[in-house]
Each structure stands twice: as structure tokens, then as C-alpha cells.
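Notes follow once the structure below has been shown.
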Amino acid sequence: MKIAKPLLILIVLAAAVLLPIVTEAYFISIAITILTFMTLALSWDMMLRTGQLSFGTAGFFGLGGYTGIIAAADFGVDPVIGIMLGGLVAGGIALILGMAILRLRGLYFAITTMALASVFMVIIRNLHRLTGGPSGKIVYNTLFNYDSNKVYWFMLAIAVGTVVISELFQRTRIHFAIDSIRADETVAKSHGVNIYKYLIFVFVVTSIIQGVIGATYALQYGFVYPESSFSPHYLLLPIAMALVGGIYSTIGPILGAIILGLSSEYLKLIMPYGHLVIYGVIIVVVVLFMPDGVYGAIKAFFMNRKRRLEER
């Protein structure tokens, strides 16, 4: 069993790396989209593990996108460097904001982070010379010059890196700290857990990931404009994926992203004008009948099966 799990991971990773070689451009574009939202879902779930419900995903995604485009268009920076800058700027802003808003808890924190996308969008719309204002900004030096295979491998590397970070959150001292904060802050504090430090750390790390993804997405297509870059789509869909797959885990958001990503594309093909209704029904059904998500339901099934076998 100890050998089987690493072997399975290697097989899945090898299959993911070889995907562009054995498939068409259409499927590569779907895979890039799934990887994008999978990474956003994982970053949202990592913050949720602290017990804080953050709605700032779209805000940091858009901020990273604008940073990457401005760096490439105005300063001639290589797109890969622009992506790194997108993550650093998102992380820096998260650090500054986190010092204030992470004093808030529950609904107050959620509402404050929800407003971030709107605040960032208003600021960017009024910085005409730097951001292009309401019209947005274009760059001709796109990521890997529209080479979808290279973009896919780059996105895969970011997704794998995010999975590694998520697993570190699950398997190191950080796991015990954020779990104790989510369970009971008073007890965690009495046991010496620096709540404020851990909350800021997780908030900054997840914001960096969201900024990197936003910059990658923007530089892949070569343009940004406020309504698109800060769209609620980049908040609601990752949340739905995490809920469908199963929260407080690494595998859950990954499963949710694959299930909803593939379902969305299939439904678009067979029901071009009604696919969103069916898509919504799938999400509602899973959330209602699988409160722990698909991953939670699978774990419960195998645990019950093991228990029955032991009883025999």
C-alpha cells in the first residue's frame, strides 16, 4: 500500500505531462481551464481551513493579472517574470490588508474580503495612464507566444506546486495550528498558537497563488479589462468546485475541479443554451446529498465497507 500510492501519483503526473502530446488543442485548452480553476479552488480551501471564509479570490486574481500585463506592456518584462511580479504584488497587498482585516472574524471578514474585488476594480478604472481605465490593456508579448502546449505545462507546474503547498499545510505543524484555530481560537491561543501570525501567513500565501494564476491567465490571452479580470466567476466557480469535491482537503478541490470542469464542457456541447441550469442542478444535488463532497462520500463508503468486513 505504501508503494502503491506514490506509484499512482507518478502515473497520474506522467499522464498529465504527456497529455499535450497525445491529444488535440481543444482538449489542451479545457485542461488549462481546469488547472486554472483547480488551483484557485485549492487556494480558497487552504484559507478556509483556518476557519476564515475569504471572498477575496477574484480581487487578487485580477490584481495579479493587471500587474503581469502592465509589467510586460509598459516595462518590457518577460511574461514569466511578469507572472512572478503578479504573485508578489498580490502577496504584498494581502500582507498590508491582512494586518487590518484579519482582526475581523466570521461574517465581517467575509464581507470585507468580498468588497476587495470591487475596490480594486474602481481604483484600476480610474488609473487611465497605467491600467488603460475602463477599456483595459493589451500586450503583444504573450506567454510563450500562444503556444498552448507550453502554457499547459507551465500551468501544470503551478498546479503541482499548489498541491505541494496544500499537502505541506496538511502534514506539517501548520496543519495543527490552523485546525486548532478553526476548532476554537481561545483554546488554540491558550496552547501558545500565534493566531494572528498563522492567519496572515496563510492569507498571504493563498493570495500569492491567486495573483500568479491571474497573471498567467492574463498573459496567456494578452489582455485585461476590469469587468473580466475581477469577475465573480473567479470566486464562485472555485468555491463550487471545492464544495463539490470536499473541503478541508487537497484531493477534494482537485476532484471538484475535474468533475465540474468536464461536466461544463460536455453540457455546453449537448445543451448550448441550457447547460448552466443543469450545471447548477449538479452542484445543488451534490451539496445537498453529499455534504462532505465527492471525496468525503468516497472515504465514507470505503470506511463503512472496511467496518463491515471487520465485523464479519
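A quick note: this is a predicted structure, and the numbers were derived from the prediction, not measured. Throughout, numbering of the chain's residues begins at 1 and tracks the sequence.
Residues Leu97 and Tyr196 fall within the same hydrophobic cluster, defined by Ile, Leu, Val, Met, Phe, Trp and Tyr side chains chained together at heavy-atom separations under 4.5 Å. Linking Ile, Leu, Val, Met, Phe, Trp and Tyr whenever their side-chain heavy atoms come within less than 4.5 Å leaves Met47 and Ile96 in two separate clusters. Taken together through direct or relayed side-chain contacts under 4.5 Å among Ile, Leu, Val, Met, Phe, Trp and Tyr, Val122 and Tyr66 form parts of separate hydrophobic clusters. Transitive grouping of hydrophobic side chains (ILVMFWY, heavy atoms separated by less than 4.5 Å) brings Ile81 and Tyr221 into a common cluster.
The shortest non-hydrogen separation linking Ser166 to Arg49 is OG-NH2, 2.8 Å. Minimum interatomic distance between Val163 and Thr250 (heavy atoms only, all atoms of both residues): CG1-CG2, 3.9 Å. Between Gln52 and Gly106, the closest heavy-atom pair is OE1-N, 3.8 Å. Taking both residues in full, the closest heavy atoms of His128 and Pro134 are given as CE1-CD, 3.6 Å, listed atom of the first, atom of the second, then distance. Of all heavy-atom pairs between Ile93 and Phe60, the closest is CG2-CE2, 4.3 Å.
For Tyr217 and Tyr234, the ring centers sit closer than 6.0 Å to each other.
A donor-acceptor contact shorter than 3.5 Å links the side chain of Asp45 to the backbone of Ser249. Formation of a donor-acceptor pair under 3.5 Å by the Tyr140 side chain with backbone atoms of Ala73 is not found in this model. A distance-only check finds no donor-acceptor pair linking the side chain of Thr23 to the backbone of Leu19 [under 3.5 Å]. No donor-acceptor pair under 3.5 Å is formed between the side chain of Ser264 and the backbone N or O of Leu260. A donor-acceptor pair is defined here as one N or O able to donate and one able to accept, closer than 3.5 Å; such a pair exists between the side chain of Thr113 and the backbone of Ala110. Between the side chain of Ser190 and the backbone N or O of Val187, at least one donor-acceptor pair lies under 3.5 Å. In this structure, Asn304 contributes its side chain and Ala300 its backbone to a donor-acceptor pair below 3.5 Å.
Screening residues 280-308 for ring pair (Phe, Tyr, Trp, His ring centres under 6.0 Å) gives no qualifying pairs among residues at least two apart or on separate chains.
Here the CH2 atom belonging to Trp44 is positioned 10.5 Å from the CG atom belonging to Leu236, to the nearest 0.5 angstrom. Note that the OG1 atom of Thr33 and the CD1 atom of Ile28 stand 12.0 Å from one another [nearest 0.5 Å]. Note that the CD1 atom of Ile258 and the OG atom of Ser263 stand 11.0 Å from one another [nearest 0.5 Å]. From Lys299, atom NZ reaches atom CD1 of Ile251 across 8.0 Å, with rounding to the nearest 0.5 Å. We find the OG-NE2 distance between Ser180 and His175 to be 9.5 Å, quoted to the nearest 0.5 Å. Between the CD1 atom in Ile181 and the CG atom in Asn194 there is a gap of 8.5 Å [rounded to 0.5 Å].
Counting heavy atoms from C-beta on, the side chains of Arg105 and Leu199 come closer than 4.5 Å. Under the 4.5 Å side-chain criterion, counting only non-hydrogen atoms from C-beta, Met46 is in contact with Thr162.
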query = When you look at His233 and Phe37, which way does the ring pair (Phe, Tyr, Trp, His ring centres under 6.0 Å) test go after all the steps?
reply = CA-CA 10 Å; His233 184 64; Phe37 285 100; 5.3 Å; yes
key: Candidate pair Tyr248 and Leu48, rule side chain to side chain contact (heavy atoms under 4.5 Å, CB included), full reasoning   = CA-CA 7 Å; Tyr248 307 140; Leu48 185 68; 3.8 Å; yes
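No more than 12 heavy atoms of other residues, nucleotides or ligands sit less than 6.0 Å from atom OH of Tyr225. Residue-environment remark: OH (Tyr108) stays at or below the threshold of 12 foreign heavy atoms within 6.0 Å.
Through direct or relayed side-chain contacts under 4.5 Å between Ile, Leu, Val, Met, Phe, Trp and Tyr, Leu107 connects to Ile111.
Of the candidates Leu85, Leu219, Thr216, Leu143, Val80 forms a side chain to side chain contact (heavy atoms under 4.5 Å, CB included) with just one, namely Leu143.
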Please table the atom pairs, donor to acceptor, closer than 3.5 Å between any side-chain atom in residues 200-214 and protein atoms at least two apart or in another chain.
unit_1 : atom_1 : unit_2 : atom_2 : d
Thr206 : OG1    : Val202 : O      : 2.9
Thr206 : OG1    : Phe203 : O      : 3.1
Ser207 : OG     : Phe203 : O      : 2.7
Gln210 : NE2    : Ser43  : OG     : 3.1

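With sequence neighbours left out, Phe154 forms a ring pair (Phe, Tyr, Trp, His ring centres under 6.0 Å) with Phe144. Every residue was checked against the ring pair (Phe, Tyr, Trp, His ring centres under 6.0 Å) condition with Phe176, not counting sequence neighbours, and none meets it. For His191, there are no ring pair (Phe, Tyr, Trp, His ring centres under 6.0 Å) partners at least two apart in sequence or on another chain.
With Phe230 as the aromatic partner, Arg125 does not meet the cation-pi criteria of under 6.0 angstrom to the ring centre and within 45 degrees of the ring axis.
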